[in-house]
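Working notes, structure below.
Lettering follows sequence order; numbering is per chain, from 1.
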Amino acid sequence: QVQAPPKDEL
Amino acid sequence: MNIFRFLGDMTHLISILILLLKIYATKSCSGISLKTQELYALVFLARYLDLFTDFISVYNSVMKVVFIASSLAIVWCMRRHRVVRRSYDKELDTFRHYFLVAACLALALLVQEKFTFLEVLWAFSIYLEAVAILPQLVLLQRSGNVDNLTGQYVFFLGAYRAFYILNWIYRYFTETHFSRWISCVSGLVQTALYADFFYYYFISWKNNSKLQLPA
């Protein structure tokens, strides 16, 4: 299971 | 953060400032769709619940608070302000936005990164943002004439989406694990909705004439 990237956009 | 993302955020901010300026300076919200503004308020409230759970940067957090506060302020003005609310084109703003909310919620329940409360709300906000401009575009189309500030408002909102697409292209080529296809597909849909408006915007700009949309 690949960790989802952080939600760094607005 | 790359330059495209920053320009996208700035054009988004400028669009909101233009709208606030229009309402403040002219004490009028004619040509502005309350339904679209309510949808944006809902979009920001649903997406930025992560203010309490995830910290990315001071920049992100401040922008989130600004977007929530400004969208709520605009909705409040249009509904409650003694003078402003009189100029609201209620009979032209008849788009049934509850259907959009219901459809986006259903889609978010079906398609999301993870079936958790925050993830469903996040996907819901992304889908809803993509279509939130529809009541505004319908209102403009119906009224035909678009006043200057309203035209600029929608133009900057569209520019914000266009910059975000450039940002994703940039990230795709510069980052190894950038995959956020829910945002990207929704973002493409959202930007496509502006295509028609942009076309007429540029024609009026080229001819140096007032922006008019065909009936």
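- A 6.0 Å sphere centred on OH of B/Y199 holds no more than 12 heavy atoms belonging to other residues, nucleotides or ligands.
- Here the side chains of B/M78 and B/I32 are in contact, with some heavy-atom distance below 4.5 Å.
- Using the six-membered ring where Trp is involved, B/F155 and B/Y201 have ring planes that are parallel, under 30° apart on the 30 and 60° scheme.
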Test side-chain contact (heavy atoms from CB on, under 4.5 Å) on B/V75 and B/Y40; report intermediate values, then the result.
CA-CA 9 Å; B/V75 169; B/Y40 279 135; over 6 Å; no
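- Residues of residues 2-29 of chain B that come within less than 4.5 angstrom of chain A, heavy atom to heavy atom, are B/R5, B/D9 in numerical order.
- The number of heavy-atom neighbours closer than 6.0 Å to OH of B/Y170, taken from other residues, nucleotides and ligands shown, is 12 or below.
- Counting only heavy atoms from C-beta outward, the side chains of B/K64 and B/D50 approach each other to under 4.5 Å.
- Taking the six-membered ring for Trp, B/Y160 and B/Y164 have ring centres closer than 6.0 Å.
- Using a 4.5 Å cut-off between heavy atoms, B/F44 does not touch chain A at all.
- Residues from residues 123-138 of chain B never place a non-hydrogen atom less than 4.5 Å from a non-hydrogen atom of chain A.
- Counting heavy atoms from C-beta on, the side chains of B/V146 and B/Y200 never come closer than 4.5 Å.
- Contact check on B/R47 versus A/E9 returns no salt bridge, with no Lys/Arg side-chain nitrogen under 4.0 Å from an Asp/Glu carboxylate oxygen.
- Between B/H97 and the choices B/L42, B/L39, B/T36, the side-chain contact (heavy atoms from CB on, under 4.5 Å) rule is met once, by B/L39.
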